[in-house]
*Asks:* 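Following this message is one structure expressed as structure tokens.
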Amino acid sequence: MSVMPAPLFILAAPYSGASYLAGQLDGHSQLYALPELCLFMADEVGELLDIFRLSQGPHADGLLRAVAQLEFGAQTDAEIGGARDWLQQRRQWAVGELLATLASRAAPRRLVIPDTESPLRPMDLRRLRRHVPGAGVIHLLRHPWSQGCLLAGWARERLFVPADFKDHGWTPQLVDPQIPWLRANRNIERLLVTMTHRWQRVQVEALDLQPRETLAHLCSGLDLTLASEDLRRMLAPNLWRFAAYGPGTAPYGLEAEVLEPIAADDLALAAQPSLSAPLPWRPDQSAFAPEVVAQARSYGYS
């Protein structure tokens, strides 16, 4: 009997393209991508559901959509209701047990899970490592300028923006995307140091400029044969069963950049990356903090 491979996590700072890459990888016949699950906010399912209930964001949506699809075969409001009941009945489960069950439903395809929440919190990444000790990791990067322009544009339209995204030295607090960019990538680096098995790092810019070559390289690192039909589907991530909004009772689960239109001005700014120019989202027109510049340069950005 073949051993089912542990899930593959795409770890990234918010607005770095994790949901988009998940949709691409789902095109491979041996991979099955889910939305963001936000599993590692807790150790047990019951505690996780309580956190979701108290949350100001749609953190539960991705997990509900995944359970609805894998357990009940669709993502309508009826299946979402079934998924809620299914999860409530398993409140005593460890989140690792829940993930193993979802992986068994997707088998023989390997689960792929984008995650831009866990990298913000070291405790969540420690839970990931404890509950999924054999997890594979793709560390996905985006230039901090491009990521910042896109995230700042999204934040302008929101009444609630997570505290992790803010400079608390301002009154009112200022959304500053370089903060989650640096925090997430440093936390991922600390996780990778502890891993004894292979992991990969990729820049989302490479996926944009050389998608065929970059996807082929990722598949090679995952020991996957890349057939022409696999590549064709991977280059059409809109075919992913989770690519669009879900039903009204669980519409989200993906990063906003794949669900909502991005303003032309924000796209134009994001396309002109710099590590030294004044940051367009900061009223004081300051540039990146030195530690952000150093981290970005270590990844080959300029």
Side-chain angles (χ1 to χ4, degrees), residues 1-12 16-39 62-63 65-71 73-75 98-116 118-119 128 132-142 188 192 195 197-246 253-255 257-259:
M1 179 183 295
S2 62
V3 177
M4 184 172 61
L8 173 66
F9 288 86
I10 303 170
L11 299 181
S16 294
S19 294
Y20 181 75
L21 177 56
Q24 289 184 304
L25 292 179
D26 185 79
H28 196 286
S29 56
Q30 293 178 254
L31 300 175
Y32 190 107
L34 297 178
E36 293 209 33
L37 303 182
C38 301
L39 280 185
L63 179 58
R65 291 179 67 184
V67 171
Q69 183 67 49
L70 287 170
E71 287 291 330
Q75 296 176 61
L98 171 59
L99 186 58
T101 298
L102 297 181
S104 71
R105 299 295 186 267
R109 298 171 70 180
R110 183 183 188 183
L111 281 188
V112 176
I113 303 165
D115 193 339
T116 62
S118 296
L128 187 161
V132 198
V137 169
I138 295 174
H139 180 193
L140 182 64
L141 296 163
R142 176 173 272 155
I188 294 168
L192 296 178
M195 294 179 63
H197 45 287
R198 285 187 300 177
W199 53 268
Q200 299 187 72
R201 178 176 287 133
V202 63
Q203 296 180 353
V204 76
E205 292 86 356
L207 286 164
D208 292 337
L209 295 173
Q210 296 180 301
R212 293 174 181 272
E213 295 84 347
T214 305
L215 290 170
H217 180 74
L218 281 174
C219 288
S220 175
L222 296 169
D223 295 324
L224 298 174
T225 301
L226 185 60
S228 58
E229 182 61 19
D230 288 325
L231 183 58
R232 184 192 67 79
R233 288 193 301 264
M234 293 173 80
L235 293 173
N238 57 305
L239 300 177
W240 184 30
R241 65 192 61 80
F242 297 104
Y245 285 106
L254 305 180
E255 288 194 277
E257 67 176 304
V258 301
L259 293 175

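Hydrogens, waters and symmetry mates play no part in the numbers below; they use all other heavy atoms, side chains included.
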*Asks:* How far apart are the closest heavy atoms of Ala135 and Ala6, and which atoms are they?
*Replies:*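 Scanning both residues completely, I find the closest heavy atoms to be N-CB, 3.9 Å.
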*Asks:* Once rounded to the nearest 0.5 Å, what's the spacing between atom CG of Leu63 and atom CG of Leu39?
*Replies:*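 The CG atom of Leu39 is 6.0 Å from CG of Leu63, to the nearest 0.5 Å.
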*Asks:* Could I get the full list of side chain to side chain contact (heavy atoms under 4.5 Å, CB included) partners for Pro7, not counting sequence neighbours?
*Replies:*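 Side chain to side chain contact (heavy atoms under 4.5 Å, CB included) check on Pro7 returns Phe9, Leu99, Leu111, Ile113, Val132.
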*Asks:* Which pair of heavy atoms, one from Leu259 and one from Ala244, lies closest together, and at what distance?
*Replies:*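 So the two residues come closest at CD2-C, 3.6 Å.
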*Asks:* If you apply the rule side chain to side chain contact (heavy atoms under 4.5 Å, CB included), what do you find for Leu140 with Arg142, and how did you get there?
*Replies:* CA-CA 7 Å; Leu140 182 64; Arg142 176 173 272 155; over 6 Å; no
*Asks:* Provide the full list of salt bridge (Lys or Arg N to Asp or Glu O under 4.0 Å) pairs with a residue in residues 16-26, sequence neighbours left out, each pair given once.
*Replies:*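 Counting only pairs at least two positions apart or across chains, the salt bridge (Lys or Arg N to Asp or Glu O under 4.0 Å) contacts touching residues 16-26 are Asp26-Arg109, Asp26-Arg241.
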*Asks:* How many angstroms lie between atom CG of Leu70 and atom OG of Ser104, to the nearest 0.5 angstrom?
*Replies:*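 Here the interatomic distance stands at 9.0 Å.
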*Asks:* From His139 NE2 over to Leu192 CG, what is the distance, rounded to the nearest 0.5 angstrom?
*Replies:*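 One gets 6.5 Å once the value is rounded to the nearest 0.5 Å.
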*Asks:* Excluding sequence neighbours, so at least two apart, what forms side chain to side chain contact (heavy atoms under 4.5 Å, CB included) with Glu71?
*Replies:*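 Glu71 satisfies side chain to side chain contact (heavy atoms under 4.5 Å, CB included) with Val67, Trp86, Thr101, Arg105 only.
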*Asks:* Identify the heavy atoms of Pro119 and Ala12 that sit nearest to each other, and give their distance.
*Replies:*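 So the two residues come closest at CG-O, 3.6 Å.
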*Asks:* Which donor-acceptor pairs under 3.5 Å do the side chains of residues 228-236 make with protein atoms, sequence neighbours left out?
*Replies:*
{"unit_1": "Glu229", "atom_1": "OE1", "unit_2": "Arg232", "atom_2": "NE", "d": "3.2"}
{"unit_1": "Glu229", "atom_1": "OE2", "unit_2": "Arg232", "atom_2": "NE", "d": "3.2"}
{"unit_1": "Glu229", "atom_1": "OE2", "unit_2": "Arg232", "atom_2": "NH2", "d": "2.6"}
{"unit_1": "Glu229", "atom_1": "OE2", "unit_2": "Arg233", "atom_2": "NH1", "d": "3.4"}
{"unit_1": "Asp230", "atom_1": "OD1", "unit_2": "Ser29", "atom_2": "N", "d": "3.0"}
{"unit_1": "Asp230", "atom_1": "OD1", "unit_2": "Ser29", "atom_2": "OG", "d": "3.1"}
{"unit_1": "Asp230", "atom_1": "OD1", "unit_2": "Arg233", "atom_2": "NH2", "d": "2.8"}
{"unit_1": "Asp230", "atom_1": "OD2", "unit_2": "Ala227", "atom_2": "N", "d": "3.4"}
{"unit_1": "Arg233", "atom_1": "NE", "unit_2": "Gly27", "atom_2": "O", "d": "2.9"}
{"unit_1": "Arg233", "atom_1": "NH2", "unit_2": "Gly27", "atom_2": "O", "d": "3.4"}

*Asks:* Measure the spacing between CG of Leu215 and CD of Gln210 and express it to the nearest 0.5 Å.
*Replies:*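 With rounding to 0.5 Å, CG (Leu215) is 11.0 Å from CD (Gln210).
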*Asks:* Calculate, to the nearest 0.5 Å, the distance between atoms CG and CD1 belonging to Leu21 and Ile10 respectively.
*Replies:*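 Going from the CG atom of Leu21 to the CD1 atom of Ile10 covers 4.0 Å.
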*Asks:* I need the minimum non-hydrogen distance between Leu254 and Arg65, along with the two atoms involved.
*Replies:*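 Looking at all heavy atoms of both residues, the closest pair is CG-NH1, 4.5 Å.
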*Asks:* Mark yes or no for whether Arg201, through its side chain, and Ile138, through its backbone, hold a donor-acceptor pair below 3.5 Å.
*Replies:*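 A pair under 3.5 Å: no.
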*Asks:* If you compare all heavy atoms of Ala243 against all heavy atoms of Pro237, which two are closest, and at what distance to 0.1 Å?
*Replies:*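 For Ala243 and Pro237, the tightest heavy-atom pair comes out as CB-O, 3.7 Å.
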*Asks:* Listed by chain and number, what are the ring pair (Phe, Tyr, Trp, His ring centres under 6.0 Å) partners of Phe242, not counting sequence neighbours?
*Replies:*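 Phe242 satisfies ring pair (Phe, Tyr, Trp, His ring centres under 6.0 Å) with Trp240 only.
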*Asks:* For the OG1 atom of Thr214 and the CG atom of Leu209, what is their distance to the nearest 0.5 Å?
*Replies:*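 Interatomic distance, Thr214 OG1 to Leu209 CG, rounded to 0.5 Å: 8.0 Å.
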*Asks:* Taking distance alone, no hydrogens or angles, what donor-acceptor pairs closer than 3.5 Å link side-chain atoms of residues 216-224 to residues at least two apart or in another chain?
*Replies:*
{"unit_1": "Asp223", "atom_1": "OD1", "unit_2": "Arg198", "atom_2": "NH2", "d": "3.3"}
{"unit_1": "Asp223", "atom_1": "OD2", "unit_2": "Arg198", "atom_2": "NH2", "d": "2.5"}

*Asks:* Backbone N or O of Gly17 within a donor-acceptor pair of the Glu257 side chain at under 3.5 Å?
*Replies:*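 Side chain of Glu257 to backbone of Gly17, a donor-acceptor pair under 3.5 Å: yes, one is there.
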